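Numbered from 1 within each chain, the chains take letters A, B, ... in sequence-line order. Values below: every heavy atom of this structure, side chains too, minus hydrogens, waters and symmetry copies. Just so it is clear, the model here is predicted, and its values are computed rather than measured.
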Amino acid sequence: MAFNNHPLISPLATVMPPSNPTQFYDFKSLEAKWQEYWEKNKSFKAVEDRSKKKYYLLEMFPYPSGKIHMGHVRNYTIGDALARFKRMRGFNVLHPIGWDAFGLPAENAAIQRKTHPAEWTFDNIRVMRAQFKKLGLSYDWDREIATCRPEYYRWNQWHFLKFHERGLVYRKKSTVNWCESCQTVLANEQVIDGRCWRCDQLVLPQEREGWFLKITEYADRLLEGCRELAGAWPEQVLTMQGNWIGKSHGAEVDFRVQGGDDVARIFTTRPDTLYGATFMVLAPEHPLTLKLARGTPREKAVAEFVRNAQLEDKISRTSEGGEKKGAFTGAYAINPMTGEPIPIWTANFVLLEYGTGAIMSVPAHDQRDLDFARKYGLPVKVVIRPPASVPPGRPPGATPPRACAEAELSAAIRRRHRGPSEFGQSAPARPPDEELDASAMTEAYTQDGTMVHSGPFDGLSGDEGRRKVGEYLESKGIGKRAVNYRLRDWGVSRQRYWGTPVPFVHCGACGAVPVPYEQLPVTLPLNARIGEKGQSPLKDIPEFYNVPCPRCGRPAHRETDTLDTFVCSSWYFDRYTSPRDDQAPFKKENVDYWMPVDQYIGGIEHAILHLLYSRFFHLAFRDMGLVGPPEPFARLLTQGMVIKDGAKMSKSKGNVVDPDEIVGRYGADTARLFILFAAPPVKDLEWSDKGVEGCSRFLKRAWRIFHEFLDEVRSAPKPSAPTGATAPEIRELRRRSHVALKRVTEDIESRLQFNTAIAAIMEYVNSLYDFREWWTGCQEHSEADRAAAREAMETLTLTLSVFAPHIGEEMWSALGHAETADKTPWPEYDRELIRAEEILIVLQVNGKVRQKIVVEEGIGEEDLKARSLEDPKIKEWVAGKPVKKVVVVPKKLVNIVV
RNA sequence: GCGAGGGUGGCGGAAUUGGUAGACGCGCUGGACUUAGGAUCCAGUGGCACGUCCAUGCGGGUUCGAGUCCCGCCCCUCGCACCA
C-alpha cells in the first residue's frame, strides 16, 4: 500500500482505499470507485457564479428508447471530453442531461407489450441513466429533466399560450401529411422523400384541422441568422436550412380572366419575362380551376383531371421525372403587359402550397413550361436575348440562375469559410445579337439576358428589367415585387396520446378558448386506454374531456390533440438553466448567465428539424424578452455515424455492438478512448474490435509506466526552471512533456481533434518507455531529476484524465493530490522548454530529400548553408555542378538547386 | 442537374501557413522472457524492377519544392431538385 499513507492523500482515499495496490489495472473496481465518488460528491454540479466565465456544453438529449447504442456513446463521449477539458481550463461548465421522453415509440411499445407508455419510458430512463453513469459522463445530474413530466410539459403549454397571445398560434383546416402507421399528422420537416421520418411509411394527404405555429413569420430572420452562424456551424447544416426556407425574390402579378371579374394572381421570379407568358397554369386545387370550367363543355374533363391529380401521390407529382399532365379550362386570361388573351390551363406540377398556386408560363425561358407547351401545342415567344458572351462551362440554357436566396446564402457562407474568391477568366466570345428561334428551340433559355419584344422594356438586362417591370406593375396596381418562401408553418397537432395536451377548450359558444395560465398544467391523464387506432384515447376519458368553458362556464370539451414532441426539444436547453423552477419556464438571471449554448453536439439528422425549430423558438422567446442572445447555439458540431462493416449499425443489418458488452469487457475508459481515437468527431467512425483492444492495451501500458515511476516521484518537488546542470535526458524528458501538453491542448481547444490529441499522448507514453531505459540505468536520482519525472507523470495523468477519467483520477490520487484531477487547473506548457537544443534539418538537392543533418538550434542561415554544401552526401549529389540557388527555410530545410 | 464534403499503405487515420508523405493505432514479420501465450517487452514494416526508382483518384500547370495552390476530368458520400 505504498501510496496509501501519504499525508497529502485526498480525504476520499481514507474512505475509499485505492482499488488495488499492485500494478494490475483493475478497471472494474477502479471505475466503480470513481463513479461512486462523483455521485456522492456531486462533482459536476454547476452553480451560477458570475465571477467565472461560463461554458455551456450540450449534447442533444436522447429519446429513451431502451438501451443506449454506440451512436449515443460517441455523442456523449465527445461532449464529456470537452466538458472535462473546459472545466480544467477554468470555465464554469454547465453540462446537463435529460430525456426527450414524449413520443410515439413509447405508445407503440405500450400497445405491443400491454404496458403504459409512462412505465415503458421511465423504465428505459432508468436503464439508460445507469448506462450513462457507467460511462463516467460528467453531468450535473441535479438538472436532469424528463419532458413527459408535468413539471416540464406545463411550460410547453405555457409557451403555447404565450405564442397564441402573440398571434403565433392558429388553427386551420388544410391538407396535411398523414402517416397511417403512426396514426398521426406530421409536419413538413418530418416528411423525408414523401415518407415518415420515424417509421419510413409513405405519407398520405389528408384534410384535417389542426394547430400551427407561425414559423413562417420568422423565415427571414432564420435565414439571416444562418449568415451569422457561418463558420460556427457546419456549412452543410446552414445550406440545408437555407434550402428549406427557400426564399426567392420576384413579383406577384394579377392576370384578369377574360369576360368576368375573376383575377388569378401568380408569383414569378422572372418578371422580366412577362411579355413571353403565352399561357397560364393553375394548380388543380386552385379555387378558380373548377370555377372557370363550370358550365362549359370542358367541365367534365377538368373535373376529372383535378380528381386524378389529387389522387396522384405527391412525390411522383412533384419529382422531376414525373409526367407533366394538364387540361385546358376553356378560359383565357389577359397578359397584363401585352393585353393579349392567353389560355388558362391546370396541371399536376403546379402546387397550391407554393407561391400563389398559379403560374404564368413562359415556355421560351423555362424548361418545364417549354416541355408543357410542346406537349400541348401552345405558343412559344422569345423575350430574352442571350448576351454576346456567356461564362465558360455554362452553355445557354444549361443552368437557370436561381433568383433565390439559397445562392446568396451559400456564397456568403463560402466567403466566411474561405475568404473572397477570385473571378474566373473572361468568357470566350459568342456571336453577338444571336436571337433564339422560338419554333426550333428544344431547350429553354433560362439565364439572364437582354429583354426583347417587350415594348418599352427592350434592351434592359436581367436585374434592371426585373426592377423596372416590378415598378411598372406597382404603379399600375396590377402587381408588386414580392418575396416568396418555401417554408410552411409548423403543424404541431398530433393525434396521439403520449404527448403534451394542447391547452385549449372547445366551446360551442366561444369557439377554441385558451386554458387560463393559472390552470396549467393540463395534465395528461394516466388512465387512458391506448390501442384504439384512429382517434385519441383522451376523448374516452370523461373527466379529462368534459370541462366547463373557461370563458362562459358552459359545458365544453378539451382539445384532444397533443403537441409534436419537437416542441419539447425546442427549448429544453433553456430549462436546464433552472430545471426545478415552478414559477416560470426558466429564471431570467439564470438563462441570461448560461445562454447561449457555447457548444452543441449532435447528429446531422436534425439539420432542419430540431435545429430549425429551436432557432425559431429562440427568436420568438427573444421577441418576448425571455432570452437575450440572437441564436441559441453558438457553435454546432455534427458528429459522424458509427459504422460497422461499411454500414450504419442497425438491428436489421445485425451489425450492432452493444456498449454494455464493451464496457463490461474493457471498461468505460477504453470504450471512450477508442471512440475518440478511431476518427475525428465530424467523420464517420468505423468500429473495430481490434482497435478497442489496442486502446485497452494502451491504458495498461500507461498504467504500468506510471507505476514504475510512482514511488520515486510521489514525494518529489515541483520542477524548477531548467538549469544547465541537468542531464540531457532529463531536459529531453521535460521537452517531450511540454510538447505533448501543447499538442493535446491545441488539438482539443482549437480543432476538437481528439484523435490526434490521443495520438500525442500515446507517442508521449512511448517516449516515457525510452526514458525509463536511461532512468533505471542511473545509480541515483537527484531531487531535480525526480521533479522532472514527477512533472512527466502529472502531464500524462492530467491529459489522459480528459479522455479516460477513471484511470486519470486513480493515477492523480496516487500521486498524492488532495484535489481530484477534474478540479485541477490545466497546466500551461512552457515555450522555452519546447525548444529543442538540436534540430533536424532536411537537405534537398533539386527538391528531393538527400540527407538529414542535426544542427544546434540557434544556427545562422549562412552557417547552415555552408554546412549543407560541405556535407559529403550532398557533395556527391551536386557532383561538381554549379549551384544555381540555395533555398533556406529556417529550422526546417535547405534546398540546393543545381 | 445544382450545392457541399471526400478519394493518402493491407485497414482506421496523420500531415494546422506550399517545406522529411504515411504521426498514432490496428494488422503483419522477426526476436526476448516463458511450461505456455491471444500477456508483456524489443526491433522491423508504402511498393517494386532495390534505383540518382516509383508512390497521396486521373491528366496537365505554377513553384527551388505540391497530398496541400491553379486548370480539366473520373469516382464515392450527403443534401437539394417540376419551387414558378
Side-chain angles (χ1 to χ4, degrees), chain A residues 234-240 242-244 246 248 250 266-270 281 317-324 347-351 353-362 366-369 371-372 393 398-400 402-404 406-407 410 413-414 417 422 424-425 484-486 604 607-608 674 677-680 682-695 697-698 700-701 704 743 746-747 750-751 753 755-756 758-763 766 769 773 840-852 876-877 879 884-887 889 891-898:
Chain A
E235 197 174 330
Q236 201 194 24
V237 174
L238 296 175
T239 307
M240 282 167 76
N243 284 342
W244 188 259
S248 48
I266 61 103
F267 175 77
T268 178
T269 56
R270 294 296 300 275
V281 186
R317 197 175 140 183
T318 57
S319 74
E320 200 167 5
E323 198 191 347
K324 296 169 185 55
N348 60 346
F349 67 87
V350 175
L351 307 172
E353 312 91 84
Y354 188 80
T356 57
I359 61 166
M360 67 170 189
S361 283
V362 186
D366 183 291
Q367 191 57 44
R368 197 185 35 195
D369 293 348
D371 294 344
F372 196 79
T399 344
R402 296 285 289 278
C404 206
E406 287 169 27
S410 51
I413 294 168
R414 267 196 302 278
H417 279 269
E422 285 169 29
Q425 313 97 319
N484 191 51
Y485 298 93
R486 210 181 79 115
I604 190 135
I608 45 174
F674 169 74
F677 176 64
V682 293
K683 290 228 256 171
D684 285 351
L685 180 152
E686 175 78 31
W687 185 265
S688 155
D689 293 331
K690 290 286 184 186
V692 176
E693 277 175 33
C695 286
R697 203 147 47 217
F698 164 71
K700 290 181 199 159
R701 207 168 134 77
R704 267 199 317 272
R743 282 174 60 188
E746 288 175 357
D747 283 352
S750 50
R751 304 202 301 160
Q753 288 259 107
N755 55 330
T756 50
I758 292 166
I761 303 176
M762 288 174 168
E763 231 173 302
N766 291 344
Y769 273 86
E773 306 248 313
L840 186 75
I841 299 289
V842 171
L843 302 187
Q844 297 182 333
V845 177
N846 289 339
K848 296 202 170 171
V849 179
R850 299 304 183 194
Q851 177 67 308
K852 292 162 192 180
E876 221 175 283
W877 281 95
K884 286 188 202 143
K885 189 174 171 184
V886 180
V887 181
V889 181
K891 295 183 188 189
K892 285 218 169 95
L893 71 89
V894 177
N895 186 14
I896 295 145
V897 186
V898 294

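In this structure, K852(A) places its NZ atom 11 Å from C1' of A21(B), rounding to the nearest Å. Separating the CG atom of L840(A) from the P atom of A21(B) is a distance of 12 Å, rounded to the nearest angstrom. The CD-P distance, from E763(A) to C24(B), rounds to 5 Å in whole Å. Distance, K683(A) NZ to G7(B) P: 6 Å, rounded to whole Å. Atom CG in D747(A) sits roughly 16 Å away from atom P in A23(B) (whole-Å rounding). Protein atom CZ of R701(A) is 5 Å distant from nucleotide atom P of C41(B), rounded to whole Å. Rounded to whole angstrom, the span from the CD1 atom of I604(A) across to the P atom of G6(B) amounts to 13 Å. Summarising the geometry, the separation between CG on N755(A) and P on G22(B) is reported as 18 Å, rounded to the nearest angstrom.
Base pairing analysis places C73(B) opposite G57(B); the two distances defining the Watson-Crick or G-U wobble pair are each below 3.5 Å.
With hydrogens and angles left out, the side chain of K885(A) and the base of C64(B) share no donor-acceptor pair within 3.5 Å. A donor-acceptor contact under 3.5 angstrom links the side-chain atoms of N895(A) to the base of C64(B).
Take the nearest nucleotide of RNA chain B for E693(A) and for V842(A): the residue whose nucleotide is more 5' is V842(A). Comparing E773(A) and G694(A) along RNA chain B, the residue whose closest nucleotide (by nearest heavy atom) sits nearer the 5' end is G694(A).
Contact annotation: the side chain of E693(A) never approaches that of F698(A) to less than 4.5 Å [non-hydrogen atoms, C-beta and beyond]. Contact annotation: the side chain of W877(A) never approaches that of I896(A) to less than 4.5 Å [non-hydrogen atoms, C-beta and beyond]. Contact check for F677(A) versus T756(A): no side-chain heavy atoms found under the 4.5 Å cut-off. Side-chain atoms of L843(A) and L893(A), non-hydrogen and from C-beta on, never get closer than 4.5 Å to each other.
The minimum heavy-atom distance linking Y485(A) with Y354(A) is given by the pair O-CE1, 4.0 Å.
In terms of phosphate contacts, R697(A) brings a side-chain nitrogen or oxygen within less than 4.0 Å of OP1 or OP2 of C26(B).
As judged by a 4.0 angstrom heavy-atom cut-off over every strand, S688(A) is placed among residues making no nucleic acid contact. Base contact: V887(A) has a heavy atom under 4.0 Å from a base atom. Among the protein residues, K892(A) comes within range of the sugar-phosphate backbone only, with heavy atoms under 4.0 Å from sugar or phosphate atoms but none that close to a base. Within 4.0 Å (heavy atoms only), D369(A) reaches no atom of the nucleic acid at all.
Classification of G38(B) as anti follows from a glycosidic angle more than 90° from 0.
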